[in-house]
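Heads up: the structure comes next, in structure tokens.
All values reported here derive from a predicted model rather than from experimental measurement.
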Amino acid sequence: MTVLRFIFRIALLPVQAVLTLLVLAIDFLSGWAILAFRIIGSLFLFGGLCQFISKTGSTSLGWQGIIVAVIIVAVPQALTIWGEAGLIRFKELLSRI
């Protein structure tokens, strides 16, 4: 049984390497994407706050701007965290073999 397990470990080495590179790529690209979404989200937040401040603005539109800003910033970060965690757990599962 140990010989078969050793063969599986050798066969899974390239898979582990690819998963490691994928985690690093997601980490790098998500940093840039999250920065872009933060900038876009801050524009929506600024627009929503301007709707509250201006006398002719609508408070409904202000709340919509704030909610959209939170969604734009939170969703990419959540997807990044969950994606990386899933890949790391999959790597741990493969390392147990």
Side-chain angles (χ1 to χ4, degrees):
M1 196 56 138
T2 52
V3 174
L4 186 61
R5 188 173 182 188
F6 179 75
I7 292 171
F8 276 142
R9 281 186 175 235
I10 297 296
L12 289 176
L13 279 177
V15 175
Q16 289 278 6
V18 168
L19 288 174
T20 301
L21 290 175
L22 189 60
V23 167
L24 293 173
I26 286 174
D27 190 36
F28 174 73
L29 293 175
S30 69
W32 288 104
I34 287 173
L35 177 66
F37 280 110
R38 281 184 181 171
I39 292 170
I40 294 168
S42 63
L43 292 175
F44 274 100
L45 181 65
F46 182 71
L49 291 176
C50 285
Q51 288 295 319
F52 282 126
I53 294 170
S54 71
K55 296 187 187 243
T56 59
S58 135
T59 57
S60 166
L61 196 58
W63 282 114
Q64 288 175 3
I66 291 172
I67 291 170
V68 168
V70 169
I71 290 171
I72 285 176
V73 172
V75 169
Q77 286 181 343
L79 290 176
T80 300
I81 291 168
W82 293 336
E84 284 184 12
L87 286 174
I88 290 170
R89 286 188 180 155
F90 186 60
K91 283 184 58 169
E92 288 174 2
L93 177 73
L94 290 178
S95 69
R96 290 183 192 171
I97 295 177

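You'll find the side chain of Leu94 stays beyond 4.5 Å of the side chain of Lys91, heavy atoms only. Put simply, the side chain of Arg38 reaches to within 4.5 Å of the side chain of Ile34, judged on heavy atoms. In this structure, the side chains of Phe8 and Leu4 come closer than 4.5 Å at one or more pairs of heavy atoms. The shortest distance between side-chain heavy atoms of Leu49 and Ile66 falls below 4.5 Å.
Clustering ILVMFWY residues whenever any of their side-chain heavy atoms sit less than 4.5 angstrom apart, transitively, puts Leu45 in the very cluster that holds Trp63. In the hydrophobic clustering of this structure, Leu93 groups with Val15; members are Ile, Leu, Val, Met, Phe, Trp, Tyr whose side-chain heavy atoms approach within less than 4.5 Å, directly or through other members.
To the nearest 0.5 Å, atom CD1 of residue Ile26 and atom CG of residue Leu87 are 5.0 Å apart. For the atom pair CG of Leu61 and CZ of Phe52, the computed distance is 9.5 Å after rounding to the nearest 0.5 Å. Distance check, rounded to the nearest 0.5 Å: CD1 of Ile7 to CG of Leu12 gives 12.0 Å.
Hydrophobic cluster of Trp32: the remaining members, joined at side-chain heavy-atom separations below 4.5 Å, are Phe28, Leu29, Leu35, Ile39, listed by chain and number.
Looking at every heavy atom in both residues, Gln16 comes nearest to Ser95 through NE2-N, 3.4 Å. Considering all non-hydrogen atoms of both residues, Gly41 and Val73 come closest at CA-CG2, 4.0 Å. Considering all non-hydrogen atoms of both residues, Ile72 and Phe37 come closest at CG2-O, 3.5 Å.
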